[in-house]
Protein chains: 2
Amino acid sequence: MLKLTKKADYGLMALKYLAEHPETPALSAKEIADAYGIPAQLLAKILQRLTKTGLLKSHAGMNGGYALAKDAEKISAFEVILSIDGPFFITSCTKGAHGCDLTPSCTIKEPLARVNDTIAGVLKSISISDLAEDGQTVPKAAAHGLVTLTLS
Amino acid sequence: MLKLTKKADYGLMALKYLAEHPETPALSAKEIADAYGIPAQLLAKILQRLTKTGLLKSHAGMNGGYALAKDAEKISAFEVILSIDGPFFITSCTKGAHGCDLTPSCTIKEPLARVNDTIAGVLKSISISDLAEDGQTVPKAAAHGLVTLTLS
DNA sequence: AAATATCCGACTTCTTCGGTCCTCATTCAG
DNA sequence: CTGAATGAGGACCGAAGAAGTCGGATATTT
Ligand code: SF4
Ligand code: SF4
């Protein structure tokens, strides 16, 4: 429960890797996969998905590969997860079809929807460049985002 | 992904229901299940779990049932989820055994761990009483909790 | 033409989730 | 004391989703 899909995980890693190598015009899926030990074919499909949603640019053929479509700071973790795993929802009822059949009698879906928004906000406040920063040398905790939880 | 288990969902509903009926000394699992249409046997096991972790008090026999072990405001959504679904982690690597095998080469687990803490903080800031409040009549969004996301 | 890539869907395998069933222990009413 | 009501807890099953694989088609450079 509440676990990030490994595909989304891999996607974040790949994007971070791309963000760390801004010089190269394009990196192939295999290159990135080898760098981390991710199954190449799986990562390939993930990157294709990210390309289709506009987060990456792709170029086929030799010396082809993928590159960030926009600045690393402009890409949020939320977009990545959304692209790879589809709509982000904490509860089952939000999914239009095949949700939970007791939606009418449920009394906690509204509060939970706000919780959902809050968590989504947290994810939106995180960018790829945040992940790429060399955190070890900067132990001081700088406030990057502020999230306000408002219930009821 | 990132979806709340239905069991945890049911658990929250049940706790809210109990919080809304503070008069009655005890409510049986079947009563609560019928009130919402939750499978009775399933809810029973959930309540048993919550009892074992100390969130509920139980009483067998006729006119028995469950009651909140502490004040509704003292029970956080985080505790509930933790009790029902086990340790809360958004990544696979955190789980000691059978985590992700590329943990050593992974460069995003530290940042993600902070994200994990942040989301956990959000959940901890939500109490059962927050859910039980009659939100419809009070549309003004009062800030209940403040969460600071610190990355890097 | 050959090598290197992306692109894309079908498929298998594995785990987890949601749910049921059955049995035993406890408590209370009569 | 006995039986109904209730909790406690394990075994089990089917459905769904996740992780990963395979095979083939297309595009681009050399
Ligand atoms: S309707 Fe209620 S019980 Fe069903 S998924 Fe939504 S929040 Fe959970
Ligand atoms: S080690 Fe990295 S890739 Fe593996 S689960 Fe943890 S964060 Fe994800």
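Reminder, nothing fancy here: chain letters follow the sequence lines and each chain counts from 1.
Toward the 5′ end of DNA chain D lies the nearest nucleotide of B:Q41, the other residue of the pair A:L42 and B:Q41 mapping further downstream. Nearer the 5' end of DNA chain C, as judged by each residue's closest nucleotide, is the contact made by A:A44, out of B:A40 and A:A44. Nucleotides of DNA chain D nearest to B:M1 and B:N63 differ in position, and the one nearer the 5' end is that of B:N63. Take the nearest nucleotide of DNA chain C for A:L47 and for B:M62: the residue whose nucleotide is more 5' is A:L47.
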Criterion side-chain contact (heavy atoms from CB on, under 4.5 Å) on A:N116 and A:T91, from CA distance to verdict: CA-CA 8 Å; A:N116 184 82; A:T91 52; 5.9 Å; no
A:L68 vs A:L56, side-chain contact (heavy atoms from CB on, under 4.5 Å): CA-CA, chis, key distance, verdict: CA-CA 5 Å; A:L68 295 182; A:L56 289 179; 3.8 Å; yes
Walk me through whether A:T51 and A:K57 qualify under side-chain contact (heavy atoms from CB on, under 4.5 Å). CA-CA 6 Å; A:T51 302; A:K57 289 177 303 183; over 6 Å; no
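Proximity of residues 7-15 of chain A to DNA chain D (heavy atom under 4.0 angstrom from any strand atom) is restricted to A:K7, A:Y10.
Atom CD of A:Q48 and atom P of D:dA25 are 16 Å apart (whole Å). Taking atom CG on A:D85 and atom C1' on D:dA16, their separation rounds to 15 Å, with Å as the unit. In this structure, CD of B:E31 is placed 11 Å from C1' of D:dT6, rounded to the nearest angstrom. Rounded to an integer number of Å, the gap from B:D101 CG to D:dA19 P is 12 Å. Atom NZ in B:K52 sits roughly 8 Å away from atom C1' in D:dG9 (whole-Å rounding). Residue B:K57 contributes atom NZ, which lies 19 Å from atom P of D:dT6 at whole-angstrom precision.
Here D:dG20 is the nucleotide among D:dA18, D:dT30, D:dG20 with the atom lying nearest to any side-chain atom of A:K45.
Of the options B:K124, B:K74, B:K70, a salt bridge (Lys or Arg N to Asp or Glu O under 4.0 Å) to B:E79 is made by B:K70 and by none of the others.
Of all heavy-atom pairs spanning B:T107 and B:P111, the tightest one is O-CD, 4.0 Å.
Between the side chain of B:T24 and the backbone N or O of B:L27 there is no donor-acceptor pair closer than 3.5 Å. In this structure a side-chain-to-backbone donor-acceptor pair under 3.5 Å is missing from B:S76 to B:S125.
The CG atom of A:D101 sits 11.0 Å away from the SG atom of A:C93 when rounded to the nearest 0.5 Å. Between the CG atom in B:L43 and the NZ atom in B:K30 there is a gap of 11.5 Å [rounded to 0.5 Å].
By the 4.5 Å heavy-atom criterion applied to side chains, A:L18 and A:I128 are not counted as neighbours. Counting heavy atoms from C-beta on, the side chains of A:L2 and B:F89 never come closer than 4.5 Å.
Using a 4.0 Å cut-off between charged nitrogen and carboxylate oxygen, A:K16 and A:E20 count as a salt-bridge pair.
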Watson-Crick or G-U pairs under 3.5 Å in DNA chain D, rendered as dot-bracket with [ ] for crossing pairs and | for another strand: ||||||||||||||||||||||||||||||
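Within 4.0 Å of B:K30, counting heavy atoms only, lies no atom of the nucleic acid at all.
In summary, contact between chain B and DNA chain C, defined as any nucleotide atom under 4.0 Å from a heavy atom of the protein, begins and ends at C:dG18 to C:dC28 in the 5' to 3' direction.
At D:dA5, none of the side-chain N or O atoms of B:H59 fall inside 4.0 Å of OP1 or OP2 (strictly under the cut-off).
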